[in-house]
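FYI, side chains are in, hydrogens and waters are out, and symmetry mates aren't considered; it's all heavy atoms of this structure. Only a predicted model underlies this, so the values are computations on that prediction, with no experimental measurement involved.
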Amino acid sequence: MSMLPEARWVLAVALVGGCAAPKAESSPPPPPAVSGEEPTATHTFGEVTVTDLGLLTGFQGAFQGQLQHGRAIVASDFDLDGRVDFYLGNPGDFSNVLRNVEGPDGRPRFEFVQTLVEGELAWGGAGLDYDNDGDTDLFITNGGNEGIGFNRLFRNEFVERGELSFTDVSEAAGITGPVPEGETEPIPVASGNAAVTDYDRDGDSDVFISVNLVAESAFSVQICSPRAGAPSLEAEAGRDILWRNEGNGTFQDVTYEVGLADARVATRNSSWLDADADGDQDLFLSNVDTANEVMLNQLVETGVPTFTTGNQLLAAPGHDLSFPLSAVSTAPHDLNQDGRMDLLVFSKASSQAVEEGSPYLAGHALWLNEPSGWRNVAQETGILDRFHDYQPGVMGSQIGDLNLDGRPDIYVGNGGVDTGTVDVLFISTGGPDDPLAFVPATRLTDFEAPRQAGLEYPVYPYRTHGTVIVDVDNNGTNELAVIEGGPAVEWWAREPNRLFEFDWGTAPPPFVKVKLVGDGLTVPVDAIGSRVMVHTAGEPSRDFHETVQVGHGFSAHVLYDLNLVLPGAEGVEWIEVTWTDGTTDVYDELVAFGDRVVITRGLGLEIDPE
C-alpha cells in the first residue's frame, strides 16, 4: 500500500478515526486464551535468554477480540500497591488502563480496568499527579501524525474512593485545546506527546504539548468541534502549548506569556531537562524538518519563568544543537553518570540524507552535557553503526539499563507506516570509568511474538511506538515494554504488544528502589524533575544517578519507582535528593540492597515494609 500525501492522509484519518465520545466505563474483555499456542516466545544467544511475556501476562493487547493500533504507553503505580501498571493508548481503537497483579506462578498478570477513550486518535499519554492527592492521573493527547482532536485529562479516583477508576475532567480543567486570540472556544490540534514538569516551581506539575504542524488543507473541514461556531483552525494549527497548573484543578495556556509560541513548525516528542545545570527545567523542542531548539528557562537567573533560545550558548565549539533536522523523538538521561542530564535525539531520516549545514553524518545525535559545552558523540559511541539497516521509520525509542551494568542501554523502535522494520538494541559496554560506548545486540529481541489462538497476526517485524524500560515484577531487573501498531485508519495494522524479560546468565547485581514524594507546596507530590544520587561503598565508591521524568521517548512515560542498579557496590552510604525547588537533602539512614525507599520532602526517608 502506498503512503497518501500528508494533507490527504491527515484529513482521511481525522474523518475516519475522528473523535468519538470518551468511554468512562467499559465491560472487561475476556482474558487471553493461550490454549493450543505457546504462551511465551523465548530466544537464547550464548548466556543471554530473552522471553516475550506479552501473551502470558495479558500485556499483548488482544482487547475486544482484536489486537490494537498501539501508540502511547504510560507506566505508573495507579493503585498504589507497589507494582507498575499501564495505560495503553491506541488511536482508532480502545485505549485502556491495565492493573498489574501477581499471577499463580509469581509472574505479573495485567488485568483490564477501564477503557478511557474509544475511537479517538489517542496518540500520546502522560502520568502526573495534577491535583497533588497522591495518585497518578492521566493526560491523553489526540492527533499526532494522523489527524486532530481534543486532549483529555482523567482524574484517578483511587485515593478518593479506594478503588481504581478514572473520571474525565477535561473541560473543567480547561485543557482540551488552545483558544485562538480573540476567541472564546478551544480548537482541536494535532497533539503529539505531553511532557511534564514543574517549570515555574510553584509545587504543581505543568504540561507541555508538542503540536504537529500539518498541511493547511487538512484543516479545511472542522472536525470534532465541541460546539457550533468554533473558530478557524489556521491560526493555532502549528503552535505548541504550555499548560500551567493553577493548583485548583484548572490549567492556563501560558505559551505566549513565557515565550514559547513563536515557532510555527512541526514539533514532536519534546523533553524537559536541566540543560544548563542551573537547577530549573529547560525544554528541548524536537522539530521535524527544521532546526531543533533548546529553550532555556530564566527562572533561576531572573526570578521569572520565561524561555530564551540557548543553542549557541550551550553547544561546544564545532557542534550545533539544531541537528538532526529529522528529529522525531527525544530521551533525556544521565548517560555517563556524571550528574548532568544528557540527551538522545532520534532521527528518522534516510541513511543517505545530507542535512544542509550539518557537521554530522546522517543519524541520531547523542548529546553529552559537559561543563565545556554540549557535544554530539553519536558516531564515536557506536550508535550509528547500524543506522542504514533500519531506515526509514524510527519512532518508538527509549533509554534504560537492561544489561545491569549501571549504565543505560538504547532501544530504537521503528514505526514505518507501510511496513515494520526491525527494532535495534544497543547495549552499553565497558566499565564505569571507560568512555561511553555501545554495541549492537539487535538479535536479542529480533523474533516474532507468541500467538493467541483465534487471532489474526500481521507479518513480522511490527511497527514499534511507545516503549518503556521498567521493572514490572519488582525483582530489580528491568523489562522492556513495547506497544506496537500501524496507522489507525487501516484494519490490517493492528499488532501484538511485547514485554521482553532478560536473563543475562549471571546473578543480578545489587539494587535499591527509590520513590520520591513532594510536599505539594514547593515540590509537586509526583516529584517530576527531581533527581536522586545513591553513593555506594566499595573500592572505589561510586555515585549512581536517576531522575524522575515524564515525557521521554516516543509517546512513552514512566512515573514509578526509580530502579537503581548498583554493580560493584558493597553497600549504600547515603542518598542525595535534589528537588525541583532547587533544594538538596542528604539521607544517611541504613539502606539495604533490595530495599524500596520512600523519601518524602520535609518528612525524611522510610523503608517500605512491602
ask   = Is it true that R107 and E102 have a side-chain N and a carboxylate O under 4.0 angstrom from each other?
value = no
ask   = Considering only heavy atoms from C-beta outward, does the side chain of E146 approach that of W123 to under 4.5 Å?
value = yes
inquiry  = In the structure I gave you, are the side-chain heavy atoms of I575 and V532 within less than 4.5 Å of one another anywhere?
reply    = yes
query = Do D77 and R83 pass the salt bridge (charged side-chain N to carboxylate O under 4.0 Å, His left out) test, and can you show the C-alpha distance, the side-chain angles, and the key distance before you say yes or no?
reply = CA-CA 6 Å; D77 182 8; R83 302 173 68 91; over 6 Å; no
request  = Classify the side-chain pair S191/T141 by whether it contains a donor and acceptor separated by less than 3.5 Å.
outcome  = no
message = Could you report the tightest heavy-atom contact between M395 and V328, atom names first, then the distance?
response = CA-CG1, 4.3 Å
remark   = Applying side chain to side chain contact (heavy atoms under 4.5 Å, CB included) to T306 and not counting sequence neighbours gives Q298, V304
By side chain to side chain contact (heavy atoms under 4.5 Å, CB included) - contacts of T578 (at least two apart) = R531, E576, T584
inquiry  = Applying salt bridge (charged side-chain N to carboxylate O under 4.0 Å, His left out) to R498 and D52, what does each step give before you reach the verdict?
reply    = CA-CA 6 Å; R498 318 296 301 273; D52 181 355; 2.5 Å; yes
D200 side chain near D280 side chain, heavy-atom distance below 4.5 Å = no
task = Could you tell me which residues satisfy side chain to side chain donor-acceptor pair (under 3.5 Å) with N245, sequence neighbours excluded, listed by chain and number?
result = none
task = Give the ring-plane orientation class for Y199 versus F307, where under 30° counts as parallel, over 60° as perpendicular and anything between as tilted.
result = tilted
inquiry  = Using modelled atom types and a 3.5 Å cut-off, is there a donor and acceptor pairing between side-chain atoms of N100 and backbone atoms of P108?
reply    = no
Ring centers of F59, F86 separated by less than 6.0 Å = yes
message = Measuring only between side-chain heavy atoms, which start at C-beta, is R161 closer than 4.5 Å to T167?
response = yes
ask   = F251 vs F139 aromatic rings, parallel, tilted or perpendicular, using cut-offs 30° and 60°?
value = perpendicular
message = The criterion is ring-ring contact (aromatic ring centres under 6.0 Å, His included); which residues satisfy it with F346, sequence neighbours excluded?
response = H364
key: Selection residues 543-554 - residue pairs positive for salt bridge (Lys or Arg N to Asp or Glu O under 4.0 Å), sequence neighbours left out   = none
request  = Would you mind checking if D561 and R596 are paired as a salt bridge, meaning a charged N to carboxylate O distance below 4.0 Å?
outcome  = yes
query = Using 4.0 Å as the upper bound for N to carboxylate O, is an ion pair formed by R239 and D253?
reply = yes
Residues forming a side chain to side chain donor-acceptor pair (under 3.5 Å) with S170, sequence neighbours excluded = D168
request  = Tell me, please, which residues at least two apart from A72 pass side chain to side chain contact (heavy atoms under 4.5 Å, CB included).
outcome  = Y87, S555
inquiry  = Is there a side-chain contact between D85 and D79 in this structure, where contact means two heavy atoms from C-beta onward sitting under 4.5 Å apart?
reply    = yes
message = One thing to verify: whether R244 and E257 come together as a salt bridge, which I'm taking to mean a side-chain N less than 4.0 angstrom from a carboxylate O.
response = yes
request  = State whether the side chain of N269 and the backbone N or O of F554 hold a donor-acceptor pair below 3.5 Å, judged by distance alone.
outcome  = no
remark   = With sequence neighbours left out, the residues meeting side chain to side chain donor-acceptor pair (under 3.5 Å) with D137 are none
inquiry  = What I'd like to find out is whether the side chain of M533 reaches to under 4.5 Å of the side chain of Q337, using heavy atoms alone.
reply    = no
remark   = With sequence neighbours left out, the residues meeting ring-ring contact (aromatic ring centres under 6.0 Å, His included) with F78 are F166
query = Side-chain donor-acceptor pair under 3.5 Å between R152 and N142, yes or no?
reply = no
Residues in side chain to side chain contact (heavy atoms under 4.5 Å, CB included) contact with R601, at least two apart in sequence or another chain = D519, T522, V523, W579, D581, T583, D585
message = Is the shortest side-chain heavy-atom distance between L559 and V74 below 4.5 Å?
response = no
query = Going by distance alone, is a donor N or O of one side chain under 3.5 Å from an acceptor N or O of the other, for D526 and S205?
reply = yes
inquiry  = I'd like to know if the side chain of N563 pairs up with that of N478 as donor and acceptor (distance under 3.5 Å, no hydrogens or angles considered).
reply    = yes
key: side chain to side chain donor-acceptor pair (under 3.5 Å) partners of N90, counting only residues at least two apart   = none
ask   = Considering only heavy atoms from C-beta outward, does the side chain of Q114 approach that of N96 to under 4.5 Å?
value = no
request  = Kindly determine whether E111 and R109 satisfy salt bridge (charged side-chain N to carboxylate O under 4.0 Å, His left out), including the steps that lead there.
outcome  = CA-CA 6 Å; E111 295 181 346; R109 293 292 190 276; over 6 Å; no
remark   = Contacts satisfying salt bridge (Lys or Arg N to Asp or Glu O under 4.0 Å) that involve residues 471-484 (not counting sequence neighbours) are D471-K513
message = Is a donor from one side chain sitting under 3.5 angstrom from an acceptor on the other, for T267 and S210?
response = no
